[in-house]
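Just so you know, ligand 1 is whichever comes first in the structure, and atom 1 is the first atom listed for that ligand. Any value given below was found using the heavy atoms of this structure, including those in side chains, with hydrogens, waters and symmetry copies removed.
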Amino acid sequence: MTGTALKYLSSMINLSTNVEEVPKIGTAYAKKLKKFGIKTVQDLLFYFPARYDDFSEIISVKEARQRLGETVCIQGQITEIENTNTFKKFMTMTEAVIQDDGAEIKVIWFNQPYLAKSLHEDDFVCLAGKVSLYKEGIYLNNPTYERINEIGENEELTHTGRIVPVYSETRGITSRWLRYVIKPLLYRFCEQIPESLPEEIIKKNKFLPIQEAVWQLHFPDSFEHADASKARFSFEELFLIQLNVLKEKIKLMVKKAHACPMDADLMKSFTDSLPFQLTDSQKKCAFAILKDLEKTVPMSRLLEGDVGSGKTVVGAMAALNVIKGGHPASSAGRQVAFMAPTEILAKQHFKSLSESLKPFNIKMGMLTGKDARICKDGETFEVSKKSFLGDLENGEIDLAVGTHSLIQKGVEFKDLALVILDEQHRFGVEQRDHLIKNKKLVPHLLSMTATPIPRTLALTAYGDLDLSLIDEMPANRKKVKTIIVEPSQRKEAYDFIKKEVADGKGVFVIFPKIDSTASKLKEALEKHGPMAGSASDSFIPQNYGPMSLSSLAVNEVKALKEEYEKLSKEVFPDLRITMLHGKMKAPEKERIMLDFKKGEIDILLSTSVVEVGVDVPRATIMMIEGAERFGLSQLHQFRGRVGRSDMQSYCFLFTTSPDQLNRKRLKALVESNNGFELAEKDLEIRGPGSLYGTQQWGVPDMAMQGLSNIFLVEKTRAAAKEILEKDPTLKAYPALKERLKEFEKRIHFE
Ligand code: ADP
Ligand code: MG
């Protein structure tokens, strides 16, 4: 560390200083760093490398000349250096000759013309790069370079001559720049980083202290040191997740909820009124929920069951018991909110719940973005939102079905005792705070999902929820036949579809969404032809700019329309085909779904909007284009849209991808009808990032990797429990509390 480098870090700067104020960084870089979530000096020190290059062995030039094809690190003196132009006129080339001990080697850099200005003849350098062969002989190809004072210097090297950190880069921020900025900051501030892990945990696990671990993670002395540091932070990040989740649980457990006595007679008359028998699994889950509802401790339960396993009826039992339990003649005065993720689903639930609960004389209402309805004595009326809200507040509505608009500001219940959330994993932090803040009695929470949750996630991200699992399908279901359709079999599949439609069956066609990343753009271009003016062979078209990016959403609809044209004009000219996409307004979507349900539409073509919950028993074919683009769990969800009756259903997976990994995934789908098995498979093939929702959580990489390590998950959970039991507010651990606060700003489980 040189004196000048130290001087620039004026004493005004500390760990919590905004990076903008660090002289080498400034406004422009600070803006870029913000994209990684880096705001302060401390954030930057906690921005860890993704991997390392091992340049730790420095060899002589003579030796390097023997190692053709290998990446080597050498030190030497520059004897010549100059820029030349290559045959391709846009590329500059910097050529140099480096020598040590009489041996020399040529060095070539591409497109770094400034190098000839910053490196000069007679300078000493350390270089790391690949020994390559060209017409004129051996040379070092595009090496990483670093100026040194003399040959043999190996202290204080940053970019070469050591294990070098490589960060995940985005436009405008290189690993070299990060090393250049982070290293002096480490010298200056690393010792000020407060230890965040409790001492007993460090001792027990023999972890490196935080300062050493941060240093060794950026500039490790050996790979063992890097691994030891990683172990510490993997633990710490999972530990923080555990603290976050368990803290929420404690927050809820000190609150009081309505105790709703289980009314066995009522439940029996409800199940007797159903046109089917509950499966054992449904009974078991319903019982666990009804037991929870009897307590004054608020329930926080996740009901998990594969698509079609019959979660709604279990939710309906809970709702009915809360509303009428012990008061068969009238209502107990307690209210239930039943929330669906979309308007279509809210309406579907409203309709089916008002049918199944009809014998029980329950006052039901529905609220979505604009619509409000009331169901009285078996008849449904449209009402104004204002009158709906009034009824809700006066207790005139027992069961309110709706979208999230049900628990927004300005919506007041008289006595909300249970909230059911359909097809979502958990209540958002804000939603939950809204539900429990300033309330003497807080509602019980029941969330229902078809997404399989592996054990590691059940013990981390969902660790605050009790889990009930419906692991059995209703008996009358036929297994959906799943078939991978090769391009050559397309016509055959189409013919089959025509036959099924002639039989009165409905067909879903799913068309993949186009992502806005360059590679997805490339695929789209190949499939649908280039956009105007992009005749380049480079994979990013020349007009890849604001125009093409902003028009991607439009393109998604356009691609769907093209597919629609093709299907309706060429393939199925005699059938009634309709499109459904995310850009449509809710009433239009709803009307289309209804027509499809009634049999007025034969083929429904859509992007992924039919993914969750829609129930169309007459649909028996699910045809998926570009199937390899979807995750296994998502494909399984699509498939769950059919096979909802006693008719044989089919899932056609259209793919043109020869990629073996994709094939393997699709085959797994053919072989298994079990959502859990498939999620585990996806986890195995594609890693934790494949799990639904995890990308949006903002969980750091190391925690993400830790999420597949059940041993670590259990260990961190036990540690978090132990500490919270002793000290629920973490009063005795201020540094940990501070880190947790920072961490919580970043993560948001859904
Ligand atoms: P999901 O778990 O995907 O939400 P639903 O609750 O929508 O599933 O149920 C799917 C269909 O199965 C509905 O039409 C429902 O009436 C029916 N169903 C639910 N339970 C049973 C059962 N035990 N036997 C037969 N059909 C059932
Ligand atoms: Mg459902």
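- With ligand atoms numbered from 1 in the order given, ligand 1 contributes 3 (O), 7 (O), 10 (C) to contacts under 4.0 Å with heavy atoms of Arg644.
- Ile289 is listed as a side-chain neighbour of Met299, based on a closest heavy-atom distance under 4.5 Å.
- A heavy-atom distance below 4.5 Å is not found between the side chains of Phe276 and Pro474.
- The option from Ser352, Gly310, Ala450 that lies nearest to atom 9 (O) of ligand 1, judged by heavy atoms, is Gly310.
- Between Phe360 and Phe270, the ring-plane angle classifies as tilted under the 30° and 60° cut-offs.
- Heavy-atom proximity to Val307, at under 4.0 Å, picks out these atoms of ligand 1: 3 (O).
- Looking at Asp391 and Ile374, their side chains come closer than 4.5 Å, going by heavy atoms from C-beta outward.
- Closest heavy-atom approach to atom 20 (N) of ligand 1 within the set His349, Gln277, Gln282: this belongs to Gln282.
- Annotation for ligand 1: atoms under 4.0 Å from non-hydrogen atoms of Thr312 are 4 (O), 5 (P), 6 (O), 7 (O).
- Close approach of ligand 1 to Thr279 is summarised as follows: ligand atoms under 4.0 Å from at least one heavy atom of the residue are 23 (N).
- Cation-pi geometry between Arg618 and Phe596 is met: under 6.0 angstrom from the ring centre, within 45 degrees of the axis.
- Atoms of ligand 1 found under 4.0 Å from any heavy atom of Gly308 (numbered from 1 in listed order, with element): 1 (P), 2 (O), 3 (O), 8 (O).
- Looking only at side-chain heavy atoms (C-beta outward), Phe338 and Val419 stay at 4.5 Å or farther from each other.
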